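Step one of this worksheet: look at the structure below.
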Number of protein chains: 2
Amino acid sequence: MNIGDVAALTGLPAKTIRYYEEIGLITPRRDTNGYRRFGEGEVHKLGFIGRARSLGFSIEECRTLLALYEDRNRASADVKRIAQGHLELVDAKIAELKAMRATLGHLVESCAGDHRPDCPILEDLAVRPHKPQEERG
Amino acid sequence: MNIGDVAALTGLPAKTIRYYEEIGLITPRRDTNGYRRFGEGEVHKLGFIGRARSLGFSIEECRTLLALYEDRNRASADVKRIAQGHLELVDAKIAELKAMRATLGHLVESCAGDHRPDCPILEDLAVRPHKPQEERG
DNA sequence: CCTAAGGGTTCCTCCAACTGGAAGGTCAAG
DNA sequence: CTTGACCTTCCAGTTGGAGGAACCCTTAGG
């Protein structure tokens, strides 16, 4: 199996697969012509990584998860800790974005958006000693 | 005013302020000794940028907003369009994170997190043809 | 034989938005 | 004079790849 087939199977770009090899996530064999040759194991690993990435795990978390996956003696607690930590990070990010969204939403609503120059958005950016306002309607 | 004072006033790291000069967001004068000298204008600009950044606007968006701010003939519609576009991006990001959070939350809940090796999180990453599961149990 | 296509390979640069650190100049105080 | 805080420049690294150049391999067709 060449890299193109693996890309099609896993949905990962070939570039990404090469990159994953470069950083040591996978180590496919080589044909005599220098082409990477992938077996089921590699494809499976790449699928695993792809799914973990799509859940927002960092590359290093993926590396750890993969190691745990291949360790038949792992404790599920180790995995759960990583997932939990990541979950908290995601929650924090969501909260941050929501705060941004609230402020931004208020500003957008308050702006007439016409040909005139008066703009509450710019005024706010210009002077407000930025603590995100909650409600003031 | 030296860069340290400006950093204290605006809350931006000195490194960041230097970076903003490098990319042309600001152009402070120089003292004879080579130190950057900041006036009120610069400090005001930096505050503006800092607040815009904290709302998630990109540097290039900040550049545009700043230009609009300084253009007395701008139309508020131009500003609103940028903010609106950014708002949609933020909403998309939130939605994406929420989807991740949901899947991740299910997985974390379903994992015992003890000394045993059985782990639904790893099993899911290993085999699931990843469409985020909604509800199941 | 040559050619063209569609793989593959390596290597290098670039992205955002900084951050860290090294090596060195400047300034005010003791 | 020395110390320490501040400033300067420049270089490298971060995350997770994307883009592209230059070149090799393979196969099909004429």
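So you know, we letter chains A, B, ... as the sequences are listed, proteins then strands, and number each from 1. If you're wondering where the values come from, they're calculated on a predicted model, not measured in any experiment.
Within 4.0 Å (heavy atoms only), Arg30(B) reaches sugar-phosphate atoms of the nucleic acid but no base atom.
Remark: the backbone N or O of Arg116(A) is paired with a side-chain donor or acceptor of Asp114(A) at under 3.5 angstrom. Remark: side-chain polar atoms of Arg51(A) are paired, donor with acceptor, to backbone N or O of Leu125(B) under 3.5 angstrom. Formation of a donor-acceptor pair under 3.5 Å by the Asp31(A) side chain with backbone atoms of Asn33(A) is not found in this model.
dC6(D) atom P lies 11 Å from atom CG of Asn2(B), rounded to whole Å. Note: CZ (Arg29(A)) to P (dG8(C)) measures 19 Å, nearest angstrom. What separates CZ of Phe57(B) from P of dA16(C) is a distance of 18 Å, to the nearest Å. Rounded to whole Å, atom P of dA28(C) lies 11 Å from atom CG of Asp31(B). Rounded to an integer number of Å, the gap from CZ of Arg63(A) to P of dG16(D) is 11 Å. The distance between atom CE of Met1(B) and atom P of dC6(D), rounded to the nearest whole Å, is 15 Å. Between Leu46(B) atom CG and dA17(C) atom P there is a gap of 16 Å when expressed in whole angstrom units. Taking atom CZ on Arg37(A) and atom P on dT9(C), their separation rounds to 13 Å, with Å as the unit.
Dashed line: the shortest gap from a side-chain N or O of Arg36(B) to OP1 or OP2 of dC7(D) is not under 4.0 Å. The phosphate of dT26(D) (OP1 or OP2) has a side-chain N or O of Asn33(A) nearer than 4.0 angstrom.
Nearer to the 5' terminus of DNA chain D, by closest-nucleotide assignment, is the contact made by Gly34(B) (compared with the other of Gly34(B) and Arg53(A)). A residue-by-residue look at Asp5(A) and Ile59(B) shows that Asp5(A) has its nearest nucleotide of DNA chain C further toward the 5' end.
Checked against Glu21(B) for a salt bridge (charged side-chain N to carboxylate O under 4.0 Å, His left out), the options Arg30(B), Lys45(B), Arg37(B) give a single hit: Arg30(B).
For the residue pair Cys111(A) and Lys80(B), the shortest heavy atom distance occurs at O-NZ, 2.8 Å. Contact between Ser76(B) and Asp118(A) at its shortest, heavy atoms only, is CB-O, 3.3 Å.
Residues from residues 6-26 of chain A placing a heavy atom under 4.0 Å of any atom in DNA chain C, listed by number, are Arg18(A).
No continuous path of ILVMFWY side-chain contacts below 4.5 Å connects Leu65(A) to Leu89(A), so the two sit in separate hydrophobic clusters.
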